[in-house]
Amino acid sequence: MSLSFDQRDGFIWLNGQLLPWQDAKLHVLSHGLHYGSCVFEGERAYEGRIFKSVEHTERFQNSARILDFELPYSTDELEAAKALVLQKNGWTSCYVRPVAWRGSEMMAVAAQESTINVAIAMWDWPSMFDVNEKMRGIRLDIADYRRPDPRCAPVAAKAAGLYMICTLSKHRAERKGYADAMMLDWEGRVAECTGANILFVKDGAIHTPLADCFLDGITRRTVIALAKARGVAVHERRIMPEELAGFDECFICGTGAEVTPVSEVGPYKFTPGALSRTLMEDYSALVRKPS
């Protein structure tokens, strides 16, 4: 097992101060821990530059507003903090995790007077797979839990509480030998994976679920733009599980997964092909392109 995340060395930015890694702590009676009033971002730095950093910061702020709190730092202040953490830790390529939560001033469902805490941490997280391994495709289970109706949860926020069913679904998938799980929405339509969006290829066109009950990922939007730049048609629409039998390729995308082909979703089989490879390579080139 890798070194526990509370025992690592380096620096974490917490509420305006750069602290030694192991000193960046919160109290056990924090509202964010007990009631899920916490939002976060997942970003990557490549060769010293955080990819689409401002876009992530703006989504971070919007997620907080959806959970009925304002971050006490501006976009410029958060961007400067991220740059400081990157420089101080000596990273060039790494994972970037801003997180914000309600503190300990109130310990009940209502917590309008609680202090909003903000932290930024970074750590080494290389690409999950090399190119050849990726092109073999990963295997996905089909999750039992479903993404909630937008009337039942703040689905447009990258909120910590929304990931509870993702953790449960991924654990169940891994115990069965899968890499991850594909989730359906509350009406039984294809939605996303536990931490990445999902896209399919049929007759040279991309088909992907409408992002109306799950996060419209920044990586997802980037990949769609890359596909359109190559003249590939992209259809964002409702997709029923039984349609998977008619798709040629499948791949997932997200900050962690980047672009990763899929060979299997439950009983459905796919052959990672040319479009998956092209978009995987295009994305890899884009994130490393000098600004």
Side-chain angles (χ1 to χ4, degrees), residues 127-149 155 162-163 165-217 219-224 226-227 230 232-283:
S127 183
M128 291 182 177
F129 314 95
D130 65 29
V131 172
N132 291 327
E133 186 178 357
K134 274 189 174 185
M135 286 308 298
R136 287 195 286 270
I138 62 171
R139 299 172 61 242
L140 305 179
D141 192 15
I142 298 178
D144 294 325
Y145 282 106
R146 296 184 176 189
R147 302 310 300 167
D149 185 327
V155 298
L162 295 173
Y163 285 79
I165 58 174
C166 299
T167 296
L168 293 172
S169 298
K170 191 170 178 71
H171 284 183
R172 292 177 183 178
E174 289 177 341
R175 289 190 188 106
K176 293 159 69 175
Y178 293 95
D180 199 356
M182 184 189 77
M183 306 182 79
L184 306 179
D185 71 9
W186 82 101
E187 290 190 323
R189 303 168 300 203
V190 176
E192 61 172 348
C193 292
T194 64
N197 293 125
I198 191 164
L199 303 94
F200 304 92
V201 178
K202 181 177 182 179
D203 298 329
I206 287 175
H207 300 255
T208 190
L210 283 170
D212 59 354
C213 69
F214 56 88
L215 206 63
D216 181 8
T219 306
R220 174 184 183 271
R221 294 199 299 265
T222 300
V223 169
I224 287 174
L226 288 170
R230 285 190 171 271
V232 176
V234 178
H235 306 287
E236 298 181 67
R237 62 178 183 84
R238 309 294 186 195
I239 298 175
M240 298 305 296
E242 55 267 25
E243 290 186 65
L244 271 61
F247 291 127
D248 307 314
E249 299 179 48
C250 174
F251 60 92
I252 63 172
C253 67
T255 295
E258 299 173 303
V259 178
T260 299
V262 172
S263 62
E264 182 178 325
V265 180
Y268 305 102
K269 304 293 192 283
F270 306 93
T271 301
L275 187 52
S276 294
R277 178 181 285 275
T278 294
L279 292 173
M280 183 172 64
E281 292 172 349
D282 284 356
Y283 183 79

| task | Please determine if R172 and D144 form a salt bridge, counting it only when a charged side-chain N lies under 4.0 Å from a carboxylate O. | result | yes

| field | Criterion side-chain contact (heavy atoms from CB on, under 4.5 Å) on I138 and I252, from CA distance to verdict | value | CA-CA 9 Å; I138 62 171; I252 63 172; 3.7 Å; yes

| request: Return yes if some donor-acceptor pair links the side-chain N/O of D141 with the main-chain N/O of Y178 below 3.5 Å, else return no. | output: no

| Can you list every pair that meets salt bridge (charged side-chain N to carboxylate O under 4.0 Å, His left out) and has a residue in residues 195-207, with sequence neighbours left out? | none

| query | Do the side chains of N197 and R221 get nearer than 4.5 Å, heavy atoms only? | reply | no

| task | Give a yes or no on whether the backbone of E187 and the side-chain of D185 come within a donor-acceptor separation of less than 3.5 Å. | result | yes

| message | Distance check, rounded to the nearest 0.5 Å: F251 atom CZ versus L199 atom CG? | response | 4.5 Å

| remark: Closest non-hydrogen atoms of C250 and V265, given as atom of the first, atom of the second and distance, are SG-CG2, 4.3 Å

| query | Please walk me through it: do I206 and I224 pass side-chain contact (heavy atoms from CB on, under 4.5 Å)? | reply | CA-CA 9 Å; I206 287 175; I224 287 174; 5.7 Å; no

| remark: Residues P148 and C213: closest non-hydrogen pair is O-CB, 3.6 Å

| message | Working to the nearest 0.5 angstrom, can you tell me the gap between D282 CG and R230 CZ? | response | 4.0 Å

| task | Look at the aromatic rings of F270 and F200 and report parallel, tilted or perpendicular, splitting at 30° and 60°. | result | tilted

| query | What do the steps show when you test M182 against L244 for side-chain contact (heavy atoms from CB on, under 4.5 Å), and what is the final call? | reply | CA-CA 12 Å; M182 184 189 77; L244 271 61; 4.1 Å; yes

| request: May I ask you to test the P272-R277 pair for a side-chain heavy-atom distance under 4.5 Å? | output: no

| said: R147: which residues meet the salt bridge (Lys or Arg N to Asp or Glu O under 4.0 Å) condition with it, sequence neighbours left out? | reply: E192

| Rounded to the nearest 0.5 Å, what separation is found between the NE2 atom of H235 and the OG1 atom of T208? | 11.5 Å

| remark: Residues pairing under salt bridge (charged side-chain N to carboxylate O under 4.0 Å, His left out) where one sits in residues 241-251, two or more places apart or in two chains, turn out to be R237-E243

| task | Would you mind reporting whether R139 and S263 have side-chain heavy atoms less than 4.5 Å apart? | result | yes

| said: Keeping K170 on the side-chain end and C193 on the backbone end, is there a donor-acceptor pair under 3.5 Å? | reply: no

| note | To the nearest 0.5 Å, atom CZ of R189 lies from atom CE of M240 at 7.5 Å

| query | With a 4.5 Å heavy-atom cut-off, do I142 and P267 have their side chains touching? | reply | yes

| What distance separates T194 OG1 from Y145 OH, expressed to the nearest 0.5 Å? | 14.0 Å

| said: If you compare all heavy atoms of A227 against all heavy atoms of V234, which two are closest, and at what distance to 0.1 Å? | reply: CB-CG2, 4.1 Å

| message | Contact between L140 and I198 at the side-chain level, heavy atoms closer than 4.5 Å - yes or no? | response | yes

| task | Might you point out which heavy atoms bring C253 and R220 nearest each other, and give the distance in Å? | result | SG-CA, 3.6 Å

| query | Between OG1 of T278 and CG of L226, what distance do you get to the nearest 0.5 Å? | reply | 11.0 Å

| query | Closest approach of P209 and A191, non-hydrogen atoms and distance? | reply | CG-O, 3.4 Å

| said: The test is side-chain contact (heavy atoms from CB on, under 4.5 Å); show your working for C166 and M183 and say whether it passes. | reply: CA-CA 9 Å; C166 299; M183 306 182 79; 4.0 Å; yes

| field | For the student: nearest non-hydrogen atoms of T219 and G254, plus distance | value | OG1-C, 3.4 Å

